[in-house]
Amino acid sequence: MYLPPHDPHVDDPMRFKPLFRVHLMERKSATVECMYGHKGPHNGHIQIVKKDEFSTKCNQTDHHRMSGGRQEEFRTWLREEWGRTLEDIFHEHMQELILMKFIYTSQYDNCLTYRRIYLPPSRPDDLIKPGLFKGTYGSHGLEIVMLSFHGRCARGTKITGDPNIPAGQQTVEIDLRHRIQLPDVENLRNFNELSRLVLEVREQVRQEQQQQQDGEGPAPPQGLLSARGPPGAPAEEGGDPRGGAAAAEQPAQSGQGQPFVLPVGVSSRNEDYPRTCRMCFYGTGLIAGHGFTSPERTPGVFVLFDEDRFGFVWLELKSFSLYSRVQATFRNADAPSPQAFEEMLKNIQSLTS
Ligand SMILES: [Zn+2]
């Protein structure tokens, strides 16, 4: 199991914790041990359900229990997972969210079903290399997001879930056709100024979608375009059918660094976010109530800092997420084709929709 570093240190490496081990004895014979809990390895079981799916089971879950009961188990989990004690966390709502996560994850006792996910395919003209990122999600702590490129848009798909938005959903969607030119630092401090800029772009996007619907029939859902192309064909990047005005909005190939600062009133878990950025784009972020109730895409700003870091300003939440690349390497994780990757994205999203 890969765990994100402790909140809010997004640049720290992922942590690694073995959950099972398999001893290969001789031909077609093996023993499985569960390594969950603090009493050492004990008897477990692994079953291959179907292609790209397997399940694990612990046969001695009493090995997961602690003498101090649930209370001790929770405190130990909190120390390991968050590097904190409950007393450290003053915020009552955050305590509730953390308790929810403990109850949710510990109820399975290492009996889990695993499904394969692929890393996103990359192309030379991508804004940055796609891949996995650790991101700050306010009281939810750090979460893992997969950044992938789909022609005119980029997507951040949640690989870990939380009580509001489950894994598989698109937490951020970036409109690569609509760059946002930030005002100079002094005016950037003014939240209303940034808000005005972003809502202007949102209105422009809405009008363009309307035109597309009126003139060319229903617009295809964003991002699905590249999945429909013939295998290996370059996606429609840059080939904007409307040309003209939109051509001026093409992402620049190289942006000079420009000063960046969060507007006053926008909260960030991490105060040491980068103070220069390469470029910004209009985007939307998914918010919902607990249990993924009334999900809604809300406007925001995608901020590209460098090859390994980006940020997202959630306008309605008045908060900022900072994302940093997962540097761990995973073997055999490439999708066999771009279509297989799109298919996987759809599947993980439908599991929780
Ligand atoms: Zn066990």
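Atoms within a ligand are numbered from 1 in the order they appear, just like the ligands themselves. Note that this is a predicted model, so its numbers are computed, not measured.
- Of the possible polar contacts, one joining the R15 side chain to the P4 backbone as a donor-acceptor pair under 3.5 Å is found.
- Ring geometry, H93 versus H290: the interplanar angle falls under 30°, so the pair is classed parallel (tilted spans 30 to 60°).
- In this structure, CG in D175 is found 7.5 Å from SG in C153, a value given to the nearest 0.5 Å.
- Between T157 atom OG1 and Q349 atom CD the span is 7.5 Å, to the nearest 0.5 Å.
- Considering CE of M100 and NE2 of H140, their distance stands at 8.0 Å, rounded to 0.5 Å.
- Protein N/O/S atoms closer than 2.8 Å to the Zn ion (ligand 1), listed by chain and residue number, are C34 SG, H42 NE2, C58 SG, H64 NE2.
- Using a 30° and 60° split on the angle between ring planes, Y282 and H178 fall in the perpendicular class, above 60°.
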